[in-house]
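To start, the structure itself, in structure tokens.
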Amino acid sequence: MAFEITPMRDDEIDVYNKICWDAFTSVPDSLALLLYPGGYTEAVQKYMRNNTIDSLSDKSTSYIFVRDINTKQVLAVACWSFQTTDLTIQEVLDKEEKARKERAEQEPIPGVDSAVMNDFRETAARLQRENLGGKAHALLKVLVTHPDAQRRGAGAAALKWGLKKADELGVPAYLEASRVGRPLYAKHGFKEICELPLNARKHGYSRDGMNWCMLRDAKVLAQ
Ligand SMILES: CC(C)(COP(=O)(O)OP(=O)(O)OC[C@H]1O[C@@H](n2cnc3c(N)ncnc32)[C@H](O)[C@@H]1OP(=O)(O)O)[C@@H](O)C(=O)NCCC(=O)NCCS
């Protein structure tokens, strides 16, 4: 199948979030259902829309759509972020503190379990700091293929799009893989570094969740 990859348009934000929701909740050990136990309500959709709009102002972030080149049907979406310079550990800690303050100031959102969400974000940020040490990198924040379009290469196309940029920048690539994402990432040179647990049981759920931090070394390009 041939693909077309385009940047997300402003009027496609809801399409992006709906594909994310459909893909992330289609797997049995979905983390999404622990983070958003109330389902895909109006309030959750608004929360996701506002988060996406906020991160659009960050010019280091790219949202991309993968379409079937013939039918133009959206098959997969991804969000990549490129940190092109090294940061000191203090600068990373300052960014973490800013994000923590913003979370603390946020009004509760019906349907969003903010305790589980905040725990998970804290752990993810700490592991990212420990694994990357502030070094420049490409970060795959989100990659999903619509459940009806999986195993046709659309996810790999969105992955390769960002890895090409990472290689041009000469930086490593980092991500937090779901159970179903791991084989795809391993196939493209990512190695597992550690587990990223989502400790939901302590917040009253019947199960915990798990992701895996994965790193692909920077490619040394021939001169
Ligand atoms: C993970 C995901 C993005 C893969 O997208 P996709 O478009 O189906 O992947 P591709 O068709 O490009 O797969 C390429 C290769 O990855 C591997 N792969 C993809 N899905 C796999 C699966 N469910 N089990 C095992 N290997 C898989 C295979 O090696 C596959 O090649 P093959 O089909 O020739 O065997 C998709 O399954 C998804 O959206 N899952 C739910 C949301 C999610 O967990 N996203 C990842 C977050 S980190």
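Just so we're clear, the structure is a prediction, and the values are computed from it rather than from any experiment. Just follow the structure's listing: the first ligand is 1, and inside any ligand the first atom is 1.
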Residues with a heavy atom under 4.0 Å from ligand 1, by chain and number, are A23, F24, L143, V144, T145, Q150, R151, R152, G153, A154, G155, A156, E176, A177, S178, V180, G181, P183, L184, Y185, K187
Less than 4.0 Å between a side-chain N and a carboxylate O, is that true for K202 and D208? no
Salt-bridge present (K18, E12; N to O < 4.0 Å): no
Flag the pair R216 and D167 as a salt bridge only when some basic side-chain nitrogen lies within less than 4.0 angstrom of an acidic carboxylate oxygen. yes
Taking the side chain as every heavy atom from C-beta outward, state whether L163 and F190 have any pair of such atoms under 4.5 Å apart. yes
Exactly one of H146, E4, M1 should register a side-chain contact (heavy atoms from CB on, under 4.5 Å) with L75. Which one does? M1
Between F82 and W161, what is the ring plane arrangement, given parallel below 30°, perpendicular above 60°, and tilted in between? tilted
